[in-house]
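So the structure is just underneath, and the comments pick up after that.
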Amino acid sequence: MTTFSDLGLPAPILQALTAEGYETPTPIQAGAIPHVLAGRDLLGIAQTGTGKTAAFSLPILGRLMMSDARPKPRACRVLVLSPTRELASQIEANIIAYAKFLRFSTTLVFGGVPVGRQIRACAPGVDIVVATPGRLIDLLNQRALTLDEVGVFVLDEADRMLDLGFMRDIQKIVSLLPKKRQSLFFSATMPPAIAKLASNLLSNPVEVAVAPVSSTAERIRQSVIFCPTRDKQAMLHGLLADDTISRALVFTRTKHGADKVVKYLNASGFKADAIHGNKSQNARERALAAFKSGSSRLLVATDIAARGIDVDGVSHVINFDIPNISETYVHRIGRTARAGADGSAISLCGEDERSFLRDVERLIRQKVPVVEGKLGSVSAPTQAEVPYRDPRAVRGRPGQGGKPQAQGRPGQPGSGTGRHGAEGAPRPNAGPARPRDGAPAQNRPRDASRPAAQGTDRPRGDGRRAQQPR
DNA sequence: AAAAAAC
């Protein structure tokens, strides 16, 4: 069996892995590490929760060890980009854990926190910068940081980083990188159009794709409940009565929707927090920390939390809305069943979301089993306590309606029946290389790990107002 | 019609 030492990683990194209790590389790690150590460009595609961060972090540390060079003032040797601040923070914490026995400096660069500390952290030069695009460009414009010495450039969630909303920033950043560099792109999904963009930025890349998207959700019990939009809150209430839900992440399509759901849940006696981009960085970090620590078992999120975020023991992902971008579904449900655990993903599908569901099923190349939900007792004046029937089974005249179900109908969500791939499904090897939370920070902006005292729910000073109901 | 990401 392959071990981390077989992959050519140097001793101090192996020691850190041992200290963290990791034994066996996951397939993406085994596939990527030797190529990255050899200096190749790489496109890495692997299902969620299989240790992609370690797949690039470990060999990057190995690369850094090959040279005695120190970064010049305001320069960095490795640049890692992430689509959200929380993911950037998590990546940096992982790198710090892997670099436990090494003396490399790392720093976080992202918005929503004071810039001064980040500028000071960059001033002497830093080995590894983990950043989101906006603040990075800010620092580059201020000449607080230069990319002239970047030897390794990483795009995590690469397809997200290369889509329309981020493309301009990425182009700007790439234009400031040395031509001669190593580039590593990672994601669980890679739509063909984006893969083409990616290939323009990579030089003769190795492609390591260890699991097709279709098997992404093998250990996740997926189900969909057809539910009129107006009954969704009551349906969620009904779902939460299930006490096998130890920790649930509820996704909504909009920030306003997330706030509404939290309000409803709190009024119904459930403690829940929201996390989305209209919250202050302080409130975002508090909500995530409360969810991670278990002091709050429900987190209601926009797609800010869809990608990469690693929380142990998320038993359920609930899609309050079906995402309109199908790839997003794969990332959302990947927040459960991480690192060999299992989990459930339940999606509420309103009348107007059927086409989104069809898109998702086409992407994952499977039908999502339909279950009947039971409405909770609150705010369902007309249909309280009435099980909601699948309209596909009810509607349509014989011969032309009623799309057949491709898979058997599992029991109620969380009942443990109707599970796919429970036996004989490939499981990641035991002990994938993922560090625990709370790794000590070195040279990181203090504000990122220690929120400012002020606790508003509004963004600070960006001119936007919190969203108001109309 | 959305989310994220700088101030």
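So you know, we letter chains A, B, ... as the sequences are listed, proteins then strands, and number each from 1. Both backbone and side-chain heavy atoms feed into the values below; hydrogens, waters and symmetry mates do not.
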Among B:dA6, B:dA2, B:dA5, which nucleotide has an atom closest to any side-chain atom of A:Thr84?
B:dA5
Measure the distance from CZ on A:Phe356 to P on B:dA1 and round it to the nearest whole Å.
14 Å
Pair A:Asp159 + A:Arg307, salt bridge at N-O below 4.0 Å
yes
At 4.0 Å (heavy atoms only), tell me whether A:Arg284 reaches a base, stays on the sugar-phosphate, or touches nothing.
sugar-phosphate
Rounded to the nearest Å, what distance is computed from the CG atom of residue A:Asn278 to the P atom of nucleotide B:dA4?
7 Å
Flag for A:Thr244-A:Asp242: side-chain donor and acceptor within less than 3.5 Å
yes
Whether A:Thr26 side chain and A:Thr50 backbone form a donor-acceptor pair below 3.5 Å:
yes
Let me have the donor-acceptor pairs involving side chains of residues 176-183 of chain A, under 3.5 Å, with sequence neighbours excluded, atom names and distances please.
{"unit_1": "A:Arg181", "atom_1": "NE", "unit_2": "A:Ser183", "atom_2": "OG", "d": "2.9"}
{"unit_1": "A:Arg181", "atom_1": "NH1", "unit_2": "A:Pro178", "atom_2": "O", "d": "3.2"}
{"unit_1": "A:Gln182", "atom_1": "OE1", "unit_2": "A:Arg63", "atom_2": "NE", "d": "3.4"}
{"unit_1": "A:Gln182", "atom_1": "NE2", "unit_2": "A:Val36", "atom_2": "O", "d": "3.1"}
{"unit_1": "A:Gln182", "atom_1": "NE2", "unit_2": "A:Arg40", "atom_2": "O", "d": "2.7"}

note: A:Asn141, atom CG; B:dA5, atom P; distance rounded to Å ~ 19 Å
In whole angstrom, what separates A:Asp303's CG from B:dA2's P?
13 Å
Side chain of A:Phe110 (C-beta onward), nearest among B:dA5, B:dA6, B:dA2:
B:dA6
Interatomic distance, A:His331 NE2 vs B:dA3 P [rounded to whole Å]
18 Å
Tell me which nucleotide among B:dA6, B:dA5, B:dA4 gets nearest to the side chain of A:His276.
B:dA4
Please state how far atom CD in A:Glu157 lies from atom P in B:dA3, giving the value in whole angstrom units.
19 Å
Are A:Asp310 and A:Arg335 ion-paired here, with the side-chain N under 4.0 Å from a carboxylate O?
no
OP1 or OP2 of B:dA4 less than 4.0 angstrom from a side-chain nitrogen or oxygen of A:Arg168, does that happen here?
no
Remember a base hit wins even if backbone is also touched, and classify A:Gly111 as base, sugar-phosphate or nothing at under 4.0 Å, heavy atoms.
sugar-phosphate
A:Arg253 atom CZ is separated from B:dA3 atom P, nearest whole Å, by 8 Å
Is the distance from OP1 or OP2 of B:dA4 to the nearest side-chain N or O of A:Thr302 less than 4.0 Å?
yes
Distance, rounded to the nearest Å, where A:Leu87 contributes CG and B:dA5 contributes P
11 Å
Hey, does the side-chain of A:Arg160 have a donor or acceptor N/O within less than 3.5 Å of a partner on the base of B:dA4?
yes
